[in-house]
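Input: a single structure, listed below in structure tokens.
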Amino acid sequence: MNMRSWLPASCAVLALVLGGAALWSSHAPASKRLSSADKNELEDLRARLSHLQNRVNSNEQAVGTLALARAAAQGTAPSAAASADNAADGAAPGEGTEPPRPPRPTREQQIARFERHFSELDAMRGAAPDVDSERKMRTLLTDPSSQKLTVLPKATIDRVSCGNQLCRVDMSFKDVSNVRLGQTELQIQLASMNHGATIYVDDDTGQLHAYFNTGTAEFPPFPALADVISPDKGG
Amino acid sequence: MKKIAMCAAFGLFAALAAGPAQAGTTHTTGGEACQSVYDTSYTYGKYIFYGNGVHAFDKVDAKFFSCPMARVNGLSATGLSSAYVDVYDASNGSMWCSLTATDEFGNQLPGGSGAKYSGGGGQREISFGNIASSDPWGTYNMFCTMMPTVTAYNSYIYSYQWVER
């Protein structure tokens, strides 16, 4: 039986019984002596009242337990919703399953993210050149007395542009297989001016693009993958 | 009254079941995990030894190491809250390390540390603060340079630690 529908009914019965008893007692003369039949009926009513009261108490307790159980179930509801989302993304629902894996960008998409990031940094760098920093950076890149690294001296410096404590360095490597090692060597060579950097490489063309924070500049947040995925290209 | 008591008991149970707030995951790795950028066909790859971390003795050429940093949190991009490298610097303060986050292709994301110098000779600790998040498919990397020694001792990377959020 449904506890919620039963409870008001039991309360109504109890109210009727109590009301009837009250009505009976109010109409009975105080001096009237109860007959044995009346006494029996009264005892019977009291017994029924007690029985009903017990049932009401018992059902109130059951309803309370049910409410707690429902509250606990609602506490886990977000997990259930997440599981449903997982299922929508192709992951198996249920507890203990891995969260959905984030989209894995392609190399081209990563380059597109870096290009957007670098255009933001270009704007931050501004149009006024920091000639002093540019000279220091070029000196470090061509310093013959520093550690003679392996592939960096063979690279072409396409650009060194500094401003607002940001320096952009673009380089090309004829042998494209050297470009990743060149990325490492660039950081070695510019360590004294490196207060944080962001660097990307086009492995197909051997071009390297880097931005160095030479002071206390702060890089903008890296663009999200969704920012560079155009719907017409299908990502 | 019964209801209040039951609610209180349930609340206590829920609080205990939830447990304490989870702290960051701390990792410690021996310096042996660091790999020389150059193999032994280059002067930068010679005179490197493993055991008690990685160490080198060379009065002419620097040594360059890439030190991997495992991620427990898999594909998360939550970043590192701190990192430390325990070293012995025989170049009297020229040894440096940098901490970077890269994407899966090796491109360097913004938010890395730049070069942090040991600050002096002997036993030192190079410390890093907050490192911004990685790309979900990328990695963190510690890069360390042992500059040519100016003492009679080897330079060491004993161990390195990092705290993943």
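Just so it is clear, the values below take in all heavy atoms, side chains as well, and ignore hydrogens, waters and symmetry mates. Each chain gets a letter, A, B and so on, in the order its sequence line appears, and its residues count up from 1.
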State, with a plain yes or no, whether a side-chain heavy atom of B:Phe105 is found less than 4.5 Å away from one of A:Gln110. yes

What pair of heavy atoms forms the shortest contact from A:Val201 to B:Asn107, and how long is it? N-OD1, 3.0 Å

Could you tell me which non-hydrogen atom of B:Pro110 sits nearest to which non-hydrogen atom of A:Phe219, and how far apart they are? CB-CD1, 3.6 Å

Whether over 12 other heavy atoms sit under 6.0 Å from A:Arg101 CZ: no

Side chain proximity check, B:Asp103 to A:Pro105, heavy atoms < 4.5 angstrom: no

Between A:Ala191 and B:Ala115, which heavy-atom pair has the shortest distance, and what is it? O-CB, 3.5 Å

Got a sec: does the OH of B:Tyr153 have more than 12 other heavy atoms crowding it under 6.0 Å? no

Of all of B:Leu99, B:Asp135, B:Thr43, which one pairs up most often with chain A through heavy atoms under 4.5 Å apart? B:Asp135

Given that the side chain runs from C-beta out, which part of A:Phe114 has a heavy atom under 4.5 Å from chain B: side chain, backbone, both or neither? side chain

Compare every heavy atom of B:Tyr44 with every heavy atom of A:Leu149, then report the nearest pair and how far apart it is. N-OH, 3.5 Å

Verify the neighbour count for atom OH of B:Tyr42: are there more than 12 heavy atoms of other residues, nucleotides or ligands below 6.0 Å? no

Engaged part of A:Pro221 at the chain B interface, taking heavy atoms whose separation is under 4.5 Å: neither

Ignoring hydrogens and angles, tell me if any N or O in the side chain of A:Thr198 forms a donor-acceptor pair with the backbone of B:Gln108 under 3.5 Å. yes

Which answer fits A:Arg107, side chain, backbone, both or neither, if we ask what part of it has an atom under 4.5 Å from a heavy atom of chain B? both

Using a 3.5 Å distance criterion without hydrogens, assess whether the side chain of B:Trp96 forms a donor-acceptor pair with backbone atoms of A:Ile188. no

So, for A:Gln183 and B:Gly106, which heavy atoms are closest and what is the spacing to 0.1 Å? NE2-O, 2.9 Å

Quick check on A:Glu218 against chain B: is it the side chain, the backbone, both or neither that has a heavy atom closer than 4.5 Å? neither

Under a 4.5 Å heavy-atom cut-off, does chain B meet the side chain of A:Leu225, its backbone, both or neither? neither

Should B:Thr102 and A:Tyr200 count as side-chain neighbours, where that means a heavy-atom distance under 4.5 Å? no

Does a side-chain heavy-atom distance below 4.5 Å link A:Asn194 with B:Lys116? no

Contact between A:Thr150 and B:Tyr38 at the side-chain level, heavy atoms closer than 4.5 Å - yes or no? yes

